[in-house]
Amino acid sequence: MTLDIVQIPVLNDNYVYLLRDTASGATAVVDPAVPEPVLAEIERRGWGLNFILNTHHHPDHVGGNLVLREATGCAIIGPRAEAQRIPGIATQLGDGDSFSLGDSKALVFDVPGHTAGHIAYWFSAAEALFCGDTLFALGCGRLFEGSPAQMWASLSKLAALPDATRVYCAHEYTESNARFAVTVEPGNAALLARHEAIKALRADGRSTVPSTLGEERATNPFLRPMSPNLRATLGLEGADDVAVFAETRKRKDSFRG
């Protein structure tokens, strides 16, 4: 493993990720909603903090930026298309750019949909994807600033990564996502089995994140608009993938199960 990854639960259901390149000792934190748990973790481990990696501008992803910079002198990295809304941003990144955390290199993807300028970071050697609120375990982000076509294109970009890629999303939404997923693709045996495993994990107070892209492609309805079972449930057998995705997202927005 080239990258140590520490998952820090914060607020009600957010995950912040502390990263350390094992060769150089360089460190970064992804989407620090609040500063105190991050400062406590780096102090406990005897680490510094070199970078903040923001995926998008929402307060529960950038809320700790300025306090962390003041406390550690770290540099703030974020999406070029949202630079005016990222507190303290020093370096702006977009699609096709790369970021080096010591010897660990991340490729940056533009993944608009949840917000207009959302980005994701893929550390290929570590098989780790930090995708903020674009892709969740069994879900995807709400379309606050983008269209269904934009979000489907963003998800398709991430879904093309290798099966073993671990999906480090920013929220523990998986159990509620699973309850919805089985209503729209009830004939998916892999999904039904995953739902049972998720219920057991959450009953035991354990995290369901990260998942893998292989798992998501097999069970996440937002990556599966081509599924005949999903299309039949929605009554959209002849529709294109964007239309099926849009209807799935619309139903999730009003789901109360």
Side-chain angles (χ1 to χ4, degrees), residues 1-10 14-33 37-38 41-42 44-56 61 64 68 72 74-79 91-111 118-141 154-174 201 206-220 223:
M1 179 63 66
T2 60
L3 198 63
D4 293 326
I5 301 171
V6 180
Q7 185 181 71
I8 307 173
V10 301
N14 282 68
Y15 288 129
V16 173
Y17 298 102
L18 186 61
L19 316 181
R20 180 178 179 273
D21 174 65
T22 54
S24 67
T27 58
V29 64
V30 181
D31 284 346
V38 178
E41 190 65 29
I42 61 175
R44 186 178 75 83
R45 292 174 178 269
W47 295 355
L49 184 63
N50 302 115
F51 301 100
I52 291 171
L53 304 180
N54 290 137
T55 62
H56 64 292
H61 293 256
L68 288 173
T72 68
C74 64
I76 299 172
I77 316 297
T91 300
Q92 304 174 22
L93 299 177
D95 203 59
D97 289 338
S98 62
F99 166 78
S100 292
L101 181 65
D103 292 345
S104 296
K105 185 175 180 180
L107 180 63
V108 175
F109 299 101
D110 283 342
V111 285
H118 201 302
I119 62 175
Y121 303 86
W122 177 44
F123 289 86
S124 59
E127 298 182 320
L129 173 67
F130 298 91
C131 49
D133 287 357
T134 296
L135 175 64
F136 295 126
L138 288 176
C140 76
S154 295
L155 292 171
S156 298
K157 190 182 296 185
L158 299 182
L161 297 177
D163 277 357
T165 303
R166 290 167 296 156
V167 179
Y168 290 95
C169 61
H171 291 274
E172 181 59 69
Y173 290 162
T174 318
L201 284 171
R206 289 186 287 166
S207 173
T208 65
V209 178
S211 59
T212 68
L213 272 178
E215 289 179 301
E216 296 308 320
R217 275 197 292 270
T219 57
N220 186 332
L223 298 185

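Values below: every heavy atom of this structure, side chains too, minus hydrogens, waters and symmetry copies. Keep in mind the model is a prediction, meaning the values are calculated, not measured. We're numbering straight along the sequence, starting at 1.
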Go through T2 and F123 one step at a time and tell me if the side chain to side chain contact (heavy atoms under 4.5 Å, CB included) criterion holds.
CA-CA 9 Å; T2 60; F123 289 86; over 6 Å; no
Could you go step by step and tell me if D31 and N54 meet the side chain to side chain contact (heavy atoms under 4.5 Å, CB included) rule?
CA-CA 5 Å; D31 284 346; N54 290 137; 3.8 Å; yes
Please step through side chain to side chain contact (heavy atoms under 4.5 Å, CB included) for the pair I5 and R166, ending with a clear verdict.
CA-CA 11 Å; I5 301 171; R166 290 167 296 156; 4.2 Å; yes
Side chain to side chain contact (heavy atoms under 4.5 Å, CB included) evaluation trace for T174 with L201:
CA-CA 10 Å; T174 318; L201 284 171; over 6 Å; no
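Using cut-offs of 30° and 60° for the angle between ring planes, the H118 and H56 rings count as parallel.
By the neighbour-count criterion of 12 heavy atoms within 6.0 Å, atom NZ of K157 is densely surrounded, having more than that number from other residues, nucleotides or ligands.
When all heavy atoms are compared, the tightest approach of L158 to A120 is CD2-CB, 4.3 Å. When all heavy atoms of P37 and I8 are compared, the pair lying nearest together is CB-CG2, 3.8 Å. Heavy atoms only, all atoms of each residue included: S154 and D110 are closest at OG-O, 4.4 Å. Pairing each heavy atom of G96 with each of L107, the nearest pair is O-CD1, 3.9 Å. Minimum heavy-atom separation, N220 to A137: ND2-C, 4.5 Å. Residues N50 and G25 approach most closely at OD1-O, 4.3 Å, considering heavy atoms.
A heavy-atom distance below 4.5 Å is not found between the side chains of C131 and V111. Between P162 and W122 the shortest side-chain heavy-atom distance falls below 4.5 Å. Residues I77 and Y121 have side chains in contact (heavy-atom distance under 4.5 Å, counting atoms from C-beta outward). Counting heavy atoms from C-beta on, the side chains of H171 and N14 come closer than 4.5 Å. Within the 4.5 Å cutoff, the side chain of F130 has no heavy atoms near those of the L53 side chain. With a 4.5 Å cut-off on side-chain heavy atoms, V6 and R45 count as touching. Inter-residue side-chain proximity for V209 and Y17 is flagged as met; some heavy-atom pair is nearer than 4.5 Å. Residues T22 and D103 fail the side-chain proximity criterion, which asks for heavy atoms closer than 4.5 Å.
Formation of a donor-acceptor pair under 3.5 Å by the D4 side chain with backbone atoms of L18 is not found in this model. E216 contributes no side-chain N or O that, together with a main-chain N or O of A159, makes up a donor-acceptor pair within less than 3.5 Å.
Here the straight-line distance linking atom CG of L68 with atom SG of C74 works out to 5.5 Å at 0.5 Å rounding.
Checking I76, V30, T72 one by one against I52, the side chain to side chain contact (heavy atoms under 4.5 Å, CB included) holds for a single residue, I76.
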